[in-house]
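Beneath this line is the structure, given in structure tokens, with notes to follow.
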Amino acid sequence: MSARDSPYASGPPSRRGADALASAHSLRRPSDRFECWFRRVLLLVLVVGLPVAAVSAGLASYEASMRTVRAQAADRHQVTARLTSTVKGGDWAKRSARVRWTGADGTVRTGAALVKPGTSKGTAVRVWVTREGTVTSAPASSLNATTSGWLMGGTAAFGVAAVSHAARAGVRLLLDRRRYAQWDAEWDLVEPRWSARFRH
């Protein structure tokens, strides 16, 4: 056996791997190439679009909430009011009761506030009021704005991921239907020839 015929002969490597790869690519259908391209686009959307959408939505929600926080902080303040009657009841849930306080201008005002059951008449309670003297809830805080920002950012990220997944599944379904239809059409052409081979 010569050195050329030897399986251990030196020389350039065989191109069988490259030939096999080329033949594998030649077997890919246009729908396969389109699906591969579409997956890459969706991957790019997830890598770039998801964080951009999450950060944009989160910051927009945070800034909007902070404007509300500043507006409420400027309009609302706490005053010390006193109950005009005893709040009856033995459960833990707060109940609405009438309270009276004196405003900064000396005007006596009344309103309804939530207080614990069993609180006696004349007890001092802290309530939030607007500039007009209307009892209201406590103003939103920066924590509320931060929570809103994170919630909207997470929702936007989930939305982008869900839309990408739905798009991938929808395109895959349409392509599979087309492939099955092509296979059926090709089988209708091949099957008579295939069956004829076994009739002789």
Side-chain angles (χ1 to χ4, degrees), residues 1-73 75 93 136-200:
M1 178 182 292
S2 66
R4 179 179 298 178
D5 296 330
S6 172
Y8 304 104
S10 61
S14 172
R15 293 183 55 82
R16 290 181 180 177
D19 294 339
L21 184 61
S23 63
H25 283 296
S26 65
L27 293 176
R28 295 179 67 183
R29 299 162 294 186
S31 61
D32 296 327
R33 289 191 289 271
F34 174 79
E35 185 177 1
C36 181
W37 171 84
F38 189 74
R39 286 180 178 177
R40 292 176 181 174
V41 172
L42 286 182
L43 181 61
L44 181 64
V45 169
L46 287 176
V47 171
V48 178
L50 189 147
V52 169
V55 171
S56 299
L59 287 177
S61 177
Y62 174 78
E63 291 173 358
S65 298
M66 282 304 298
R67 287 194 293 270
T68 301
V69 168
R70 288 189 288 267
Q72 290 184 355
D75 182 65
T136 186
S137 58
S141 65
S142 58
L143 177 61
N144 299 123
T146 303
T147 303
S148 177
W150 278 104
L151 180 62
M152 290 303 299
T155 302
F158 177 79
V160 171
V163 169
S164 298
H165 177 74
R168 179 179 179 276
V171 169
R172 181 66 182 271
L173 179 62
L174 293 176
L175 292 177
D176 283 345
R177 286 183 178 179
R178 182 178 179 183
R179 291 163 183 161
Y180 293 147
Q182 290 175 345
W183 288 340
D184 290 339
E186 292 174 0
W187 179 248
D188 290 340
L189 295 176
V190 174
E191 192 272 337
R193 302 176 188 174
W194 183 268
S195 301
R197 297 176 60 186
F198 299 97
R199 292 176 188 156
H200 299 293

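Just so you know, these numbers come straight off a predicted model, no measurement behind them. We use all heavy atoms of the structure for the numbers below, so side chains are in, but hydrogens, waters and symmetry mates are not.
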Legend entry - Gap separating the CZ atom of Phe38 from the CG atom of Leu43, nearest 0.5 angstrom: 12.0 Å
Legend entry - Electrostatic pair Arg179-Glu35, nearest N-O below 4.0 angstrom: yes
Legend entry - Side chain Asn144, main chain Ser141, donor-acceptor under 3.5 Å: yes
Legend entry - Test item: Ser164 side-chain N/O and Val160 main-chain N/O as donor-acceptor pair under 3.5 Å: yes
Inset, instruction - Please check if atom CZ in Arg178 has more than 12 non-hydrogen atoms from other residues, nucleotides or ligands closer than 6.0 Å. - result: no
Legend entry - Nearest heavy atoms of Met152 and Ser61, plus distance in Å: CG-OG, 3.2 Å
Inset, instruction - Over all heavy atoms of both residues, which pair between Ala156 and Ala54 is shortest? Give the atoms and the distance, please. - result: CB-CA, 4.1 Å
Legend entry - Nearest heavy-atom neighbours spanning Ala145 and Val69: CB-CG2, 4.5 Å
Inset, instruction - Look at atom CZ of Phe34 and say whether more than 12 heavy atoms of other residues, nucleotides or ligands are closer to it than 6.0 Å. - result: yes
Inset, instruction - Output the distance between atom OG (Ser65) and atom CG (Leu143), rounded to the nearest 0.5 Å. - result: 11.0 Å
Legend entry - Spacing of CG belonging to Leu151 relative to OH belonging to Tyr62, to within rounding of 0.5 Å: 15.5 Å
Legend entry - Minimum heavy-atom distance between Leu50 and Leu46, given as atom pair plus value: CB-O, 3.1 Å
Legend entry - Validation row: Gln182, Arg177 side chains within 4.5 angstrom (heavy atoms): no
Inset, instruction - Could you check if a side-chain atom of Thr68 sits within less than 4.5 angstrom of a side-chain atom of Gln72, using non-hydrogen atoms only? - result: yes
Legend entry - Spatial distance of atom CG (Asp176) from atom CH2 (Trp183) [nearest 0.5 Å]: 7.5 Å
